Protein chains: 2
Amino acid sequence: MEKLLQNFDSIFSIDCIIFGLNEGELKILLIERNEDPYKSWYALPGNIVEQNESIDDAAQRILYELTGLKDIYMEQFYTFGAVKRHPSGRVITVAYNAMIRLDSAKELKPVTNYASKAFWMPVKDMPELAFDHTQIFNKGFEKIRSKISFEPIVFELLPEKFTLSQLQNLYEVILNKELDKRNFRKKMLAYNILNELNEKQEGVSFRAAKLYSFDKHKYDKFFQKELSFGKD
Amino acid sequence: MEKLLQNFDSIFSIDCIIFGLNEGELKILLIERNEDPYKSWYALPGNIVEQNESIDDAAQRILYELTGLKDIYMEQFYTFGAVKRHPSGRVITVAYNAMIRLDSAKELKPVTNYASKAFWMPVKDMPELAFDHTQIFNKGFEKIRSKISFEPIVFELLPEKFTLSQLQNLYEVILNKELDKRNFRKKMLAYNILNELNEKQEGVSFRAAKLYSFDKHKYDKFFQKELSFGKD
DNA sequence: ATTACTTAGTGTAAAATTTACACCCTATAT
DNA sequence: ATATAGGGTGTAAATTTTACACTAAGTAAT
């Protein structure tokens, strides 16, 4: 034990998959590394967990540093701890999923010094990423994909007011398959977690659709099971 | 310990919820600590992740040290990283669930030096545990509870040959509710992951039930979705 | 103002799944 | 032989899921 502690020099980090929706396309935030190893490769945004912050806080901080956004819901989905996943030493990483409203994000500002830029990469064009980040991305995306079949969790990606078609389109993009319009609307409205607004789409060159908003209060009532334990 | 910890960065540990079934009762393996902090409290078995082992390997090692069992399927379910979850320093812990066949476990042998004993505690009598281990246990148990509704994963708890009533009883214990016998059998057989054996229970003082075994090959066929990404 | 175009919005019947429910069977023990 | 304790089985009703196609409303072009 003593010996263990003395030799101890592992590092704990956070990596984030930050989803955003832009012109109907699902994208995630990537950075381009400007340090070895994997210099000039694309990678998931991540950083080291500091002594005085919880892992949830670290995830929030990383998101804030890159997007200027705070208090976004992020969900831890897996911890990657293979011995040699990082070539220069032992790094265990906790991976988080987050979803943000692209239009609410300020300019991207990569303040981390190891990144030369941050940008949105369409999920369907995902290149090979640095380290084991491709694997992390796959697992995180799969997690979201399987989760939305049980529980509507994607409203954070849409504007505050959205049409049912936009919502359906988002589902189709995530699940990568077409859904039946009538069945989709029936099911979504049956969840009873949307507010029908007295407003319609504007600026479209066709019949304007009704706008809806997500009602977190109603949502919590029906999906309490998932909330039965606190954070961390 | 305290002084030592202050000199180092975060420590990663593993904590395991090891489920076993004994006389129809669901139990988990606990240890009694013989070191401060929380001396003489009960805690989940756990240990520090060493430099040269993956977190999965560390989980396997801990299980082996306590039970003598190897190559048991363990599933990581959450990582706990609050700043002050350990009173003497920063310790981030990855929590695993495992299920073992109680009758196949050798004598329990707590080789870890911080534990004075290891023993099986019925889930229904769970006391307050050291550190945040009560919270970890709740989350892990909830994970299993929600998972078995979608996917049969509890065969590791039963003997190799078991009756459908034993299986149903196990579900009832985990879900903490009664199930309909006919519907349960119908559904379980429809999964088509069991082999009906040409054997019956022995040594019972009533009509002997047919024995079944779990067919991992058939199982993999039907639940591939969950296996689409490798470990770690 | 007519027409063409594009997306919005709606209902029903069939199929599949889930639920509720009760009695006879068989082995053992006395 | 009989009492006991769990083993084993089917069907109808209810619910959920699926498949499927047309009309409505607004915009844009002529």
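Quantities reported herein were computed from a predicted structural model and do not represent experimental measurements. Lettering follows sequence order; numbering is per chain, from 1.
- Between B/K147 and B/E75, at least one side-chain nitrogen of the basic residue sits less than 4.0 Å from a carboxylate oxygen of the acidic one, meeting the salt-bridge criterion.
- Looking at residues two or more places apart in sequence or on another chain, you find no salt bridge (Lys or Arg N to Asp or Glu O under 4.0 Å) involving B/E172.
- Crowding of B/K218 atom NZ: a count of heavy atoms from other residues, nucleotides or ligands under 6.0 Å exceeding 12.
- Qualifying salt bridge (Lys or Arg N to Asp or Glu O under 4.0 Å) partners for A/R33, counting only residues two or more places apart in sequence or in other chains: none.
- Where B/A209 and A/N183 each meet DNA chain D at their nearest nucleotide, the meeting point lying more 5' is that of B/A209.
- When the ring-ring contact (aromatic ring centres under 6.0 Å, His included) test is applied to B/F162, the partners found at least two apart in sequence or on another chain are B/F155.
- Taking 4.0 Å as the cutoff to heavy atoms of chain A, we find the contact window on DNA chain D bounded by D/dT18 to D/dA28.
- Considering only residues two or more places apart in sequence or on other chains, B/S40 meets the side-chain contact (heavy atoms from CB on, under 4.5 Å) condition with B/E32.
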Please tabulate, for side-chain N and O atoms in residues 174-183 of chain A, each donor-acceptor pair with protein atoms closer than 3.5 Å (sequence neighbours left out).
| residue | atom | partner | partner atom | Å |
| --- | --- | --- | --- | --- |
| A/D180 | OD2 | A/R182 | N | 3.1 |
| A/D180 | OD2 | A/N183 | N | 2.8 |
| A/D180 | OD2 | A/N183 | ND2 | 3.4 |
| A/N183 | OD1 | A/K186 | NZ | 3.3 |

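- Residue contacts shown for B/K210 are limited to sugar-phosphate atoms, with no base heavy atom under 4.0 Å away.
- A cation-pi arrangement is present between B/K117 and B/F119 under the rule of less than 6.0 angstrom and at most 45 degrees off the ring axis.
- Scored by the salt bridge (Lys or Arg N to Asp or Glu O under 4.0 Å) test, A/K124 finds A/E25 as partners (sequence neighbours excluded).
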Which atoms of nucleotides 13-16 of chain C (N or O only) lie under 3.5 Å from a protein N or O atom, and what are those distances?
none

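- The pair A/D220-A/K216 meets the salt-bridge criterion, since a charged nitrogen lies less than 4.0 angstrom from a carboxylate oxygen.
- Scanning for side-chain contact (heavy atoms from CB on, under 4.5 Å) contacts around B/Y64 gives B/K70, with sequence neighbours left out.
- The 5' end of DNA chain C is approached more closely, in terms of each residue's nearest nucleotide, by A/K181 than by the other of B/K181 and A/K181.
- For DNA chain D, the neighbouring residues in residues 199-208 of chain A, judged by any heavy atom under 4.0 Å, are A/V204, A/S205, A/F206, A/R207.
- Of all the heavy atoms in B/I17 and B/I136, the pair that sits closest is CD1-O, 3.6 Å.
- Among residues two or more places apart in sequence or in another chain, the side-chain contact (heavy atoms from CB on, under 4.5 Å) test is passed with A/S213 by A/N195, A/L197.
- Contacts of residues 159-179 of chain A with DNA chain C (heavy atom under 4.0 Å): A/S165.
- A donor-acceptor contact under 3.5 Å is not formed by the side chain of A/R182 with the base of C/dA8.
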